[in-house]
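Below you'll find the structure, written out as structure tokens, and then a few comments.
Below, each value reflects all heavy atoms present in this structure, side chains not excepted, and no hydrogens, waters or symmetry copies. As the structure is a computational prediction, the values presented were derived from the model and not from experiment. Lettering follows sequence order; numbering is per chain, from 1.
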Number of protein chains: 2
Amino acid sequence: MFDALHQLVAQFVTFTDREKAILENAFVFKQVPRKFSLVRQGQVANELYFINKGMLRLFYENEGDEITAFIFRENLFASSYDSFLRQAPSIQSLEALEEADLLVITQPKMNELYEALPKFNVLTRKIAEQRFINAQQILSSFLLDSPEERYAKFVEQNGDLLLRVPHHLIASYLGMTPVSMSRIRNRLAQQKR
Amino acid sequence: MFDALHQLVAQFVTFTDREKAILENAFVFKQVPRKFSLVRQGQVANELYFINKGMLRLFYENEGDEITAFIFRENLFASSYDSFLRQAPSIQSLEALEEADLLVITQPKMNELYEALPKFNVLTRKIAEQRFINAQQILSSFLLDSPEERYAKFVEQNGDLLLRVPHHLIASYLGMTPVSMSRIRNRLAQQKR
DNA sequence: CTCCTCCATTAACAATTGTAAAGAAATGCG
DNA sequence: CGCATTTCTTTACAATTGTTAATGGAGGAG
């Protein structure tokens, strides 16, 4: 149950067996069904999730329609991260795209870990840095690439999601409408012929 | 010379006078003229800068033209952050927009600080988290706002930059051409009348 | 102070995207 | 299993943006 978590952690810090046990004890297992809401816009996120199975979708609710901020897959930490970090009301919602197996840790438990395991600071720093690098890569794609290039890159890196996730969720993630994305798909398919 | 730095640091961690001295010793003062290049695309960034005076511009070089990634102002840590973190060749360049007074710290000195001051991990974690929150706010503006709204928000938050920085640098930062930004400015000015 | 480069705006046209609507296909749920 | 909802594509039109080019003005270098 904790294998994937330990594997991810090991990329950044080395824990002894006793430290690993402390880490495991801070988490609670939780299985949630499709469409289950983990964080609602306006609430403060006080849980962080490690995804063992399934996918979560982070999204903005804007005048009735929903705009995807990020899609979290297996072996990632997910949350409305800025709300969790600042303990301020979330501007995003978090929901299960599929039935998901999660390891849940609360904010108080995190603070206990900072006390018990000094190295935990290093771990969360590395995770924050990775999230930053990731956010910046997406941002650079908005500055440097055309919508067509942005879609093409997405397919390269996350092509499998096209089969697992409704297209209009991906379209809003790429900053375009489903109609426009469909046109782009059409254009690219014709180029291949 | 270190007042502003200590003030920023104090927001996140409390250092004793001796710890402050260790921190100060890790930095070197450097004054650079306008247009001075601190990091060039392709190089590995091994310095981090705290800006005492002046402004720095982080930008992509894309097929001849330059696209602004960020504009750093006084009292901020600046760098090609992802290159500095990963110690990989930078995909961005960093340059002085105005004559600037900088406090410079190198990657090796940072590692010394991690050893000498355990709390330094907390500090850099907080900084990484802030940068992430910041990057995400900008990203959300690309997903949620029209170019016009994005410009309006920029004026609200950084209006003074319109007087200090050439407009075409701001336009590329907002993901539009100078021509389009000029049209938006025209439209908004007429609405006010 | 003067020259020259850089900069902001405007205009006209092409290309792309958004919007609204409709139909076909696929999927979820009782 | 079958109905209802969701999803994807296509079409036509309006709106916005990008591109190219020209103008007038501002600001820096010598």
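At whole-Å resolution of the value, CG in A:D65 and C1' in D:dT7 are 16 Å apart. The CD-P distance, from B:E149 to D:dT17, rounds to 11 Å in whole Å. We find that CZ of A:R164 is positioned 15 Å from P of C:dT27, with the value rounded to whole Å. The CG-P distance, from A:L161 to D:dT7, rounds to 16 Å in whole Å. Rounding to whole angstrom units, CD of residue B:E99 and C1' of D:dG28 are separated by 15 Å. Per the geometry, OH belonging to B:Y151 stands 14 Å off P belonging to D:dT17, to the nearest Å. Nucleotide D:dT5 holds its P atom 12 Å from the NZ atom of A:K35, rounded to whole Å.
In terms of heavy atoms, B:L113 sits closest to B:A26 at CD1-CB, 3.8 Å.
Ring to ring, B:F77 and B:Y49 are not that close: their centroids are 6.0 angstrom or more apart.
Side-chain contact check for A:K119 versus A:L123: every heavy-atom pair is 4.5 Å or farther apart.
By the side-chain contact (heavy atoms from CB on, under 4.5 Å) test, B:E115 pairs with no residue at all, sequence neighbours left out.
With A:F72 as the aromatic partner, A:R57 does not meet the cation-pi criteria of under 6.0 angstrom to the ring centre and within 45 degrees of the ring axis. For the pair B:R150 and B:F142, the cation-pi test (distance below 6.0 Å, angle within 45°) is passed.
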| message | What does the B/S/- profile of nucleotides 8-21 of chain C look like, 5' to 3', with a 4.0 Å heavy-atom cutoff to protein? | response | SSBBB----BBBB-

